Amino acid sequence: MNGIDTGFGVWNPIAWTLLFAGALVIAWVFRVLGRSDYKRGSEQTKAFLSGNEEPEPEKLHVRGDHLYWGLVDGLAGYYRRIRAVHTGVLSDYVAWFVGVLGVVLIILALVR
Amino acid sequence: MMHIGNLPFIVAMLLVILGLYALLFKRNLIKMVIGVSLVETGVNLFLVTLGYRAEGIAPIYTHAPTAVSQVLPTPQALTLTSIVIGLATTALLLSFAVLVYRHYGTLDVTKIKELRG
Amino acid sequence: MNALTTHAPILIIATPLLGAFAAPLIGKLGWTVRTAFAGAIAALTGCFAGLLAATLYTGGGAPIVYVLGGRLPLPSGLAAPIRIMLEVDGLSAFMALITALVAVVAVLYSVSYWKERSGGALYDSLLFLLIAGVFGLVLTGDMFNFFVFLEITSVAACGLIGFRTWRKRSSEAAFKVMALYTLSGLFVLLAVGLLYGQYGGLNIAYLATNLGGTMVDRVALALLIAGLAMKAGAVPMHMWAPEAYGEAPAPVSMVLVANSQASLYALFRVLFTLYGQSLSAAAVGWILIVLALLTIFVGVTMALVQKDLKRLIAFGAVSQIGYMLLAVGVGFAVLATRPDFGLTAITGGIFHMINDVACIGLLFLAAGAAIRASGSRDLHSMGGLAHSLKGTTVLFAVGAFALAGVPPFNGFASKLLIYESTFQLSPVLAVIAVLASIVLLAVFVRAFQAVFLGPRLIARPEPVPWPMVASMVVLAAVVIGFGLFPGFFIDKIVTPAANALWSGQGDYIRAVMGG
């Protein structure tokens, strides 16, 4: 009733959620069993940056548009081309539309 | 040998192609709206031609003699509806063109591309 | 069967239409009356949609035909289906439920979305017109009315995209989208004309019995595929979609997604019900699959590099259309041999429609709340909103995880069906679909990090009013409910819809033509 059978496998979200909750409980138990000499707000919580002073969090924050910089830079060739396609000019949009129409028309005319 | 009755269909398709040409190669937004309008006129002409019957009478008589043929009424209704819709879309497109001109100071389609990439 | 049940199909369209034309008048009576009126119209429409769906499901899924202005056969005894009619089968009812959900949520959200209280009546008017148009699209059984409703949605949608006339980019987006919508509508009308010229009828069931796969039929099909796929936002005809979704007000973005899905529905209706197997289904199926793969791939990769929050979500929405197109394309490609996985694929694709509209809707609404609170939509300058907007943060995370297909949310259930069925046609399809989902998760981790995490970059964000939170909670409840009990919902509402495509052509025709 809850689950679904794809003909290839099964998926039961209730069972999955129970298992996941169990895993969370185990993780929580490990956390409780952790070190008891840890103190909030003391020197222990400070980041160690090779002995340098820790900057303000505003300066340390990696902003959203810098995330995945490496991945995007690695695909620079692809992104240069695909962004060039998104020209923002209406005529180009119409051209793509008419082009796809033409291709579909040719395929449908040729394939019996 | 092409039948003369096919001429309206050819004219309709020519209008559609002219409209598409304007949309693809004209840079002025107003001319592009004219292009859309031309496509629409072509389609309307196509629709109304579909209902034509040689020497038919207007389809407005309930008790018309069966000997005379009537022009098909449905395409005329479709065309009328389509013309009304076309008026609304053209008016809306033109009013957006006015707004674009106020904001961008130009009607050149290649310069109106803040939204890209 | 009482009168309300009998007339439910037309009441679903008539109620928001009444709302659309009465709203400017009612708006003169002040904000409270206007809001109450909008809420009442939305609730009433939702009730009618629920009533229609319930009637259909209790009736065993047989299509319901509603004839306007009279009955069939005509008084003269002529049985030709020339009247305007609505025809509701499992898929139409399913789409009507989606639209009703979107309508209610959008109206609730809009109550406090606008900071200024004037001009709201015109917004209500356009919103109801759009909703009426989408309902009409999914309920009509007639190709010409289909075109009329298509144009109604175009006009209303573009009016809403350009509603904030003081914004530079809204005007640009509205002009471009309107030109493309009109062109696609005209292509559809040309196709309708081609079909009428050959068979002398406009009724879908009537046309379906007569279609013979001639060259003119093929030209009409090409026009329909291109026009409807464009309006659904399939790559490479998707460029309008990020602009439309991105520049429209947040609740409208969600309704626009439902509008795109209605075009997708129309495409499926044309393929499965109108054309069926009168031509090579495999070739058409593969056209859809190629479009779908492009859509999925380009959608997610473009979303990864966006710097504008709403544009990022919009590209995510484009990629999701690809999943539905992929699943149903696989289903159509194997229509001739009818293996079991074809039905599974269609079930997954249809199920993904409601999941997508709930997740993407939730994301657009949460993003709208964040943008409204911070006054910015640039990922670089937003940040740290989780400190003050705790509820919105959680809701955005739910939507993002669900859309990326993380268990146990609803997106996973439908995507699993899509992966495991498309895999059996070609493993490449499933691999691309899974990879794209992973990238999509990355996309939304990026958006989440940029907007909600980190130190407070926005000094004093405005709080989110309760109607906006409530509307997001409704969508989140759908996301979690459909995620935890997928078997129940698939059984009740998705299977009738999938069967309507897979094996319902005969029933659809018989309901009108008899025999």
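As the structure is a prediction and not an experimental result, all values here were calculated from the model. Naming convention: chains lettered A, B, ... in sequence-line order (proteins, then strands); numbering from 1 in each chain.
For chain B, the nearby part of C:Arg311 is the side chain; its heavy atoms alone come within less than 4.5 Å. Neither the backbone nor the side chain of B:Arg102 comes within contact range of chain C; no heavy atoms are under 4.5 Å apart. Within the 4.5 angstrom heavy-atom criterion, atoms from both the backbone and the side chain of C:Met178 approach chain B. B:Leu47 touches chain C through its side chain: at least one heavy atom from C-beta onward sits under 4.5 Å away, while N, CA, C and O do not. Using a 4.5 Å cut-off between heavy atoms, C:Leu194 touches chain B through backbone and side chain atoms alike. For C:Thr182, the part sitting under 4.5 Å from any heavy atom of chain B is the side chain, from C-beta outward, and nothing else. When heavy atoms are compared at a cutoff of 4.5 Å, C:Lys307 does not approach chain B at all. For a residue to count as touching a neighbouring chain, one of its non-hydrogen atoms must lie under 4.5 Å from one of that chain's; by this rule C:Leu183 touches chain B with the side chain only. Only the side chain of B:Leu92 has a heavy atom closer than 4.5 Å to any heavy atom of chain C. Interface remark: C:Phe144 contributes side-chain atoms only to the contact with chain B (heavy atom separation under 4.5 Å).
Using a 4.5 Å heavy-atom cut-off against chain C, the contacting residues of residues 29-36 of chain B are B:Leu29, B:Val33, B:Val36. Heavy-atom proximity under 4.5 angstrom to chain C picks out B:His103, B:Tyr104, B:Ile112, B:Lys113, B:Glu114, B:Leu115 from residues 103-115 of chain B.
Taking C:Glu151, C:Arg169, C:Glu172, C:Met302 one by one and counting their heavy-atom pairs under 4.5 Å with chain B, the maximum is reached by C:Glu172. No other option in B:Val16, B:Val39, B:Ile85 has as many heavy-atom pairs under 4.5 Å with chain C as B:Ile85. Of all the listed residues (C:Pro242, C:Ser170, C:Cys158), the one sharing the greatest number of non-hydrogen pairs under 4.5 Å with chain B is C:Cys158. Between chain B and the options C:Phe315, C:Trp166, C:Tyr181, heavy-atom pairs under 4.5 Å are most frequent for C:Trp166.
Residues C:Tyr206 and C:Tyr199 keep their aromatic ring centres 6.0 Å or farther apart.
Look at C:Arg377 and C:Glu247 and you find a salt bridge, because one of the NZ, NE, NH1 or NH2 atoms lies within 4.0 Å of a carboxylate O, short of that distance.
Of the N and O atoms on the side chains of C:Ser376 and C:Ser381, at least one donor lies less than 3.5 Å from an acceptor on the other residue.
Under the side chain to side chain contact (heavy atoms under 4.5 Å, CB included) rule, B:Phe46 has a single partner from B:Thr49, B:Val48, B:Asn44, B:Leu50, which is B:Leu50.
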